[in-house]
Structures are given as C-alpha cells and as structure tokens.
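The structure appears right after this line, and notes come after that.
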Amino acid sequence: MRLLTAGAPGRSRLVSASPVYFGWIIWLVALVGAICSSPGQSFSVSLFMDAFIEDFGLDRTTVSGLYGAGTFAASLSLTWIGRQIDSRGNRRVGAAIGLLFSIVLVLASLINGPVMLFFAFAGMRGLGQGGLTLVSSTALANWFQHRRGRMMSLLALAFALFQGIYINLLRLLLEALDWRQVMVVLGVGVAALAVPSFGLLMRNRPEQYGLLPDNETAGDDLQGDKRTDAEDNWTLREAMRTPILWIFILARMLPSAWGTGLILHQVSIFSVLGHSAQVATETFALISLFAAASALLAGYLIDRFKPSFVVALQMLALLCACALAMMMRETWQLVVYGLAFGLGMGIGYVFDGAVWPNLFGRQFQGEIRGFVYTSSVIGSAIGPALFGLSFDSSGGYAPALWLGATLSLALLLAALLTPPPRRKSPIPLHS
C-alpha cells in the first residue's frame, strides 16, 4: 500500500531555505499547538470550577456532569477531524482549529448559565484539548519515524515544563482579574500564537518536498517509494479487528478518566486532605516536572521496548496515584504522588503521539488516532462526573479512587497478555 501517489515533489521556499531539517520547525509549531491547547485542558478548567459553582448556583456534581457531557459531545467530532487531517493536511486544519478555538474562548466570557456552560465546555474540549493536540502530534509523527518516540518525548518535556509555569500564572491572573476577563485574554493569546504558526510555518509531509522522515536519504529515490512501500499502513477498519487496539484504547481511557478527575477536582481533593489551593497548584507544578522527566523516559522505552510494557508501567503509575490520593497528608507523600502521577502523564503524552503510527503506519494515522482520541476524550468526560458523584454522595473521593486502582491493575495484566497486531496474510509491496 503506497503512502503517496507518484509524482514530482513540490517546492517550498521556506523548506528549501531552512538551515536545519524542516522537521525541527514542525516540532516548534507542534509545541505552539500544544501550548495553545492549554485553555481547553483539565488543568486550566480546574481553576475555574469554583467560580462556575458560585456564579451559577450549581453543585460540584452538576458542573462536573456538564463538563463530562460537553467533553463527550466534543469527542464525537475527533474521528472526523482526523479524516480532515489525512485529506486536507495539518496546515489548513491546524489554522482553522486555532481560529475557532480562540473565538470559543472569547465567547466563553459571556456564559450566563448551565446551558451556555455546556456549549463552552464542548467547544473548549473539542477544539483545544482534542483538535489542537491531534493536529500537532500527527504533524510531528509525519516528519519523524525512527526517532518518533524521542521527538514526542521532547515535545512532552517542553509542554510539561510549560504547564508548571502556566498553572501558577493562571492562578495569579484569576486572582487579579475576573474569570470572564481571563477567558478573553486566553482567547486573544491563542489567536496570536496558533493561527500564524500553523498558517505560515506548518507543512504536511516531508515526501511532498523531496525529503524523508528523520532527514534520511534514499539516493535518487527522493520520494521514498521503497521506504513507504515497506511501511505497513493499516486502515481504521483493519486496525479495529486487532485485539491490541481495544486493549490499548481501554488503557488510554482509564488514565484519561481518572487523571482528568484528579486534576479537575484537585483543589477539592487536597482540601479534603487538609491542604490549601496553593499546595494543590504547587503539587501540580511538581507533577509537571516529573511528567517532563518521565516523557524522556517514555520516549526511550517506546523506541526500544514493546508498547505493552509501556502501557503496563502507566497502569502501575495510575494505581499508585489513586492509592496516594486517599492518604497524602505528609510532604513526602505529596512528592511520591507527584512522581507517580507525573510518570503516568509523561507516558501518556508520548504514547499517543508515537505508538499508533508505529503500530499501524502513517497513511491513515489521522483517522485511527481520531478514533482512539475519541475514546480517550470520552474517558475524560466520565472521570470528572464519577469524582463529583463520589464527593456528593460520600463526602470524599475514596470510592472513585478505589475503583480506579482496581481497573488499573486489571488493564496492567491485560496489556502484558495481549499480542502485537499481525496480518493474516503479507501485505503487497505495491497497490
């Protein structure tokens, strides 16, 4: 199955004039996209939760349910967004999503009740946490193949370091301004960064410009026919017939669900254990540092070991984080919690960007990853609601955390027992 149709490579003055392999420019644009996704991520929304509860007269379960429902609604668009990335390219899709996301953030400043809050959550999660993240990571996966894990880990490292700074700056901004004003500031920032970065600097695939992934050479065969013919490209329908896809989807849904619950309700979780909001944000900054270091480790592991091993390690980290979230009253327990949670986050950042194209090829990765990401975002819709229900029904988060620990153990074992994908018959060299 061919990755590209035959034909002469296109020309780009920007690519030709680049003093370095243009994949590094793509890496920078992907980092900008990841940074601009922050207002739609749970760690941002968590700082707005108390304001939503107070301003609209809602309880925590209702706001969490609206967040989950909005996230679920957003997830339904991600497979379609993935198809658009495959057919129209990362450049056009990325610029469009960046513009739409900035508009949604500005309009979110006008929220006046639960209905508008639902639509704001849907737009922020679908375009920010979903769309911008998807388009950024698929672009990077197109430009790197053998070094894909390492490049994704560098992206995750930079993003995790940014999170540690961003979350505290956002807290200070919310202390100085009304939350509605902060929404406008975030929207203007996304428009100023994402739209020009994707519109001017993004390029779709190296083969379109006579280059190969990883800046490798192929003699006179600049279009990379031999390389791309050898790449085993699975369609979404084919991938859905493999057990490993479904086990890995469940293993990505669980950290998404419980990780989102832990982050979105972090101020309340820490309060139950006797800690202030400042301790919660400082611990999140610590988690971000550990996630940055773990991303480098994850890139090394993904490039050298079976993905099942990496998934099992993430499940172990989540199990430990859930257990510690019920008892962390001492400083050393907060540090260990940050280490476990950061390890799981770091693995997740790199896994989604590297493993799916490694298993199923690049040609249809947008559609495959869009489908997988839909499941992951559905997980992030379920988690906050479970945590909110746990708190409102029992006065704490122990029921949700015990369930998360149990499911983590089950998926750890399932991942280790699941074989890698194999075709029933060899793929043809040409199609």
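No hydrogens, no waters, no symmetry mates; every other heavy atom, side chains included, goes into these values.
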Would the number of heavy atoms belonging to other residues, nucleotides or ligands and lying under 6.0 Å from CZ of Arg88 be above 12?
no

Looking only at atom types and distance, does a side-chain atom of Gln314 sit under 3.5 Å from a main-chain N or O of Gly344, one as donor and one as acceptor?
yes

Can you measure from CD1 (Ile26) to CH2 (Trp143) and round to the nearest 0.5 angstrom?
5.5 Å

Could you walk me through whether Phe72 and Phe118 pass the ring pair (Phe, Tyr, Trp, His ring centres under 6.0 Å) check?
CA-CA 11 Å; Phe72 176 79; Phe118 163 78; over 10 Å; no

Around atom CZ of Phe48, are there more than 12 heavy atoms from other residues, nucleotides or ligands closer than 6.0 Å?
yes

Side-chain donor-acceptor contact under 3.5 Å, Ser46 with Gln266:
yes

Set of residues satisfying ring pair (Phe, Tyr, Trp, His ring centres under 6.0 Å) with respect to Phe121, sequence neighbours excluded:
Phe52, Tyr67

Under the 3.5 angstrom rule, does the side chain of Ser308 hit a backbone N or O of Ala415 as a donor-acceptor pair?
yes

Hey, can you tell me if Tyr397 and His265 have their rings parallel, tilted or perpendicular (30° and 60° cut-offs)?
tilted

For Phe119, is the CZ atom crowded, meaning more than 12 foreign heavy atoms sit under 6.0 Å from it?
no

With a 3.5 Å distance limit and no angle check, can you tell me whether Arg125 reaches the backbone of Ala74 through a side-chain donor-acceptor pair?
no

With respect to Thr138, which candidate in Thr133, Asn204, Asn90 satisfies the side chain to side chain donor-acceptor pair (under 3.5 Å) definition?
Asn90

Measure the CD1-CE distance between Ile25 and Met202 for me, rounded to the nearest 0.5 Å.
11.0 Å

Measuring from Phe284:CZ to Phe270:CZ, what's the distance to the nearest 0.5 Å?
10.5 Å

Which residues satisfy the salt bridge (charged side-chain N to carboxylate O under 4.0 Å, His left out) test with Arg92, sequence neighbours excluded?
none

Please report the interatomic distance OG(Ser268) to CG(Asp50), rounded to the nearest 0.5 Å.
8.0 Å

Straight-line distance of Thr406 OG1 to Leu319 CG, nearest 0.5 Å:
8.0 Å

